[in-house]
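For reference, the structure is listed below as structure tokens.
Proteins get letters first, then strands, A, B, ... in listed order; numbering begins at 1 in each.
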There are 2 protein chains.
Amino acid sequence: MTPPRPYHHGNLRQALLDRAATKLHEKGAAELSLRELSGEIGVTHAAPRRYFPDRQALLDALAVEGFARLGARLREAAATPGGPAERIRSIADAYIGFTTSEPNLVELMFAHKHGAGAEAVARSAAEAFAPILDVFRQARPEGGPQDAQRAGLVFLATFQGLAGLISCGIVPPHQIDELVADAVARFDGNGRPAPDTA
Amino acid sequence: MTPPRPYHHGNLRQALLDRAATKLHEKGAAELSLRELSGEIGVTHAAPRRYFPDRQALLDALAVEGFARLGARLREAAATPGGPAERIRSIADAYIGFTTSEPNLVELMFAHKHGAGAEAVARSAAEAFAPILDVFRQARPEGGPQDAQRAGLVFLATFQGLAGLISCGIVPPHQIDELVADAVARFDGNGRPAPDTA
DNA sequence: ACCTGAACACCGTTCAAGT
DNA sequence: ACCTGAACACCGTTCAAGT
């Protein structure tokens, strides 16, 4: 007659994900331990197996959550008032803001070793990047979707690369703003020099 | 009266590095095991300690070697005949060539968790990137070193980011060439639209 | 359905001891 | 100087068993 609340408080899966995401603030994904996580939550080390068949499955789920959060930030930024130039700038700032605040999570998201959940990670990544492609489609509708996708991917590469250089220390913090401005300027007019901008 | 050849064949440190670098072709850095490496080389698991105080020290040394190899490739590419535009294109190709052939090594090189050898890694990285900054200085001497460093760092970010998107599967292989071309075009004339290029 | 408890093979790190 | 061998604490994974 006990309610359907199990041994644990009801949602071990989410509890593990939340705790792991919190730990990613301080430690890298390599230091995440299922046993430690389990112990802190108050279950035995074998309990996670119901929800994550192995350690990689939890890392994949963390990556999916990370892309969902990043996608939400980018969608907000893409809805900024103004023309395409303002929205592109806003997206760039949002991207750098997210990646610098969550370097360990971002490193996990872009790791090229995903397990069985690799397709799910790829889907969530594609969804997160949709606002970028949308803005570039709006910016240069005459170029066609091929052009927009190309520009969007190079834009993504630029700021993802910048994020990596920042978090590994190659780009010092005081130089971030000028580099973001320089990078954004390279996408004005979708990469072709605007005719009236000397 | 035995010659100064120790127990092992004489250079355990380099043997460990070589074997680890080879393994990085197939496995990620997370799967590298000092014990496995030691066993395959023929020493006990505690032997590496003479040369690498901990596991991170070996990873740091691998990163330093990786930056040395990357730097050599970039120096070659920067010496390509032709003007700055040709050299920039050549450097971009070399960068993408190296990173796509060694994704695990590159992921290790740009990891933001280096240990006591972090400064050594940073130094080797700066040395590797020098050819990029040099070419941008040559391309736009009137802009001054500040401008060249800015452009060089954004260039580096763009191709390092592209490398990451390729190796994690977001950019499909068949699209690499067009994206590299698109990205390179954004650095013609050091980022400012050339006056005679409509 | 959900979790426990014990077992297995592996790991990095440490250190006294050997040569 | 260079490496061994044993010990320690930790890990992911597996699985029969409990509730």
Quiz item: Watson-Crick or G-U wobble partner for C:dG18, using a 3.5 Å limit on both distances?
Solution: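 Across all strands, the one nucleotide that pairs with C:dG18 is D:dC2.
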Self-check item: Base partner of D:dC8, which must satisfy Watson-Crick or wobble distances under 3.5 Å
Solution: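 WC or wobble partner is C:dG12.
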From the options [options], select the nucleotide whose nearest atom is closest to the side chain of [X].
{"X": "A:Arg55", "options": "D:dC3, D:dT13, C:dT4", "value": "D:dT13"}
{"X": "A:Arg49", "options": "D:dG12, D:dT13, C:dC3", "value": "D:dT13"}
{"X": "A:Val43", "options": "D:dC3, C:dC2, C:dT4", "value": "C:dT4"}

Exercise. Classify the nucleic acid contact of A:Arg50 as base, sugar-phosphate or nothing, counting any heavy atom under 4.0 Å across all strands shown.
Key: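 Counting heavy atoms under 4.0 Å across all strands, the contact made by A:Arg50 includes a base.
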Exercise. Would you check, one step at a time, whether the test salt bridge (charged side-chain N to carboxylate O under 4.0 Å, His left out) holds for B:Arg69 with B:Glu102?
Key: CA-CA 11 Å; B:Arg69 288 172 51 194; B:Glu102 297 274 24; 2.6 Å; yes
Could you tell me the separation between the [atom1] atom of [X] and the [atom2] atom of [N], rounded to a whole number of Å?
{"X": "B:Phe52", "N": "C:dT13", "atom1": "CZ", "atom2": "C1'", "value": "16 Å"}
{"X": "B:Asn11", "N": "D:dC2", "atom1": "CG", "atom2": "C1'", "value": "13 Å"}
{"X": "B:Leu37", "N": "C:dT13", "atom1": "CG", "atom2": "P", "value": "13 Å"}
{"X": "A:Leu58", "N": "D:dG12", "atom1": "CG", "atom2": "P", "value": "10 Å"}
{"X": "A:Tyr51", "N": "D:dG12", "atom1": "OH", "atom2": "P", "value": "18 Å"}

Quiz item: Given C:dG12, is OP1 or OP2 found less than 4.0 Å from the side-chain N or O atoms of B:Ser33?
Solution: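 Answer yes for this pair, as a side-chain N or O of B:Ser33 is under 4.0 Å from OP1 or OP2.
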Is there any protein nitrogen or oxygen under 3.5 Å from a nitrogen or oxygen in nucleotides 5-7 of chain D, and what are the pairs?
from	atom 1	to	atom 2	distance (Å)
D:dA6	N6	B:His45	NE2	3.0

Exercise. Give the cluster check for A:Ile41 versus A:Phe52: same hydrophobic cluster or not, with ILVMFWY residues linked at side-chain heavy-atom distances below 4.5 Å.
Key: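 Yes, because A:Ile41 and A:Phe52 connect within a single hydrophobic cluster, where side-chain heavy atoms sit under 4.5 Å apart.
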Quiz item: After noting the C-alpha distance and the side-chain angles of B:Arg75 and B:Glu127, does the key distance pass the salt bridge (charged side-chain N to carboxylate O under 4.0 Å, His left out) rule?
Solution: CA-CA 10 Å; B:Arg75 245 176 285 124; B:Glu127 197 173 344; 5.3 Å; no
Quiz item: Do A:Phe110 and A:Phe67 make the cut of ring centroids closer than 6.0 angstrom?
Solution: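 Ring-ring flag for A:Phe110/A:Phe67: true, centres closer than 6.0 Å.
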Practice problem: Name the orientation class of the two ring planes belonging to B:Phe187 and B:Phe155 (parallel below 30°, tilted from 30 to 60°, perpendicular beyond 60°). | Solution: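 Perpendicular, since the angle between the ring planes exceeds 60°.
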Practice problem: Give me the ring orientation class for B:Phe129 and B:Tyr95: parallel if the planes are under 30° apart, tilted from 30 to 60°, perpendicular past 60°. | Solution: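 Ring orientation of B:Phe129 relative to B:Tyr95: tilted.
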Self-check item: Worked check of side-chain hydrogen bond (donor to acceptor under 3.5 Å, both in side chains) between B:Arg87 and B:Gln138
Solution: CA-CA 10 Å; B:Arg87 287 204 285 276; B:Gln138 294 163 7; 2.8 Å; yes
Quiz item: Does A:Glu26 use its side chain to pair, donor to acceptor, with the backbone of A:Lys23 at less than 3.5 Å?
Solution: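 Side chain of A:Glu26 to backbone of A:Lys23, a donor-acceptor pair under 3.5 Å: no, none is there.
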Quiz item: Which sits closer to the 5' end of DNA chain D, A:Pro53 or A:Glu36, going by the nucleotide each is nearest to?
Solution: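 Looking at DNA chain D, the more 5' nearest nucleotide goes with A:Glu36.
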Quiz item: How do A:Leu34 and B:Ala47 order along DNA chain D: which one's closest nucleotide is nearer the 5' end?
Solution: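 Upstream on the strand: B:Ala47.
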Quiz item: Which atom pair, heavy atoms only, marks the closest approach of A:Leu37 to A:Ala20?
Solution: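 Closest approach of A:Leu37 to A:Ala20, heavy atoms only: CD2-CB, 3.8 Å.
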Practice problem: Can you sort out which residues in residues 21-31 of chain B have a heavy atom within less than 4.0 Å of DNA chain C? Ascending by number, please. | Solution: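 When residues 21-31 of chain B is checked for heavy atoms under 4.0 Å from DNA chain C, there are no hits whatsoever.
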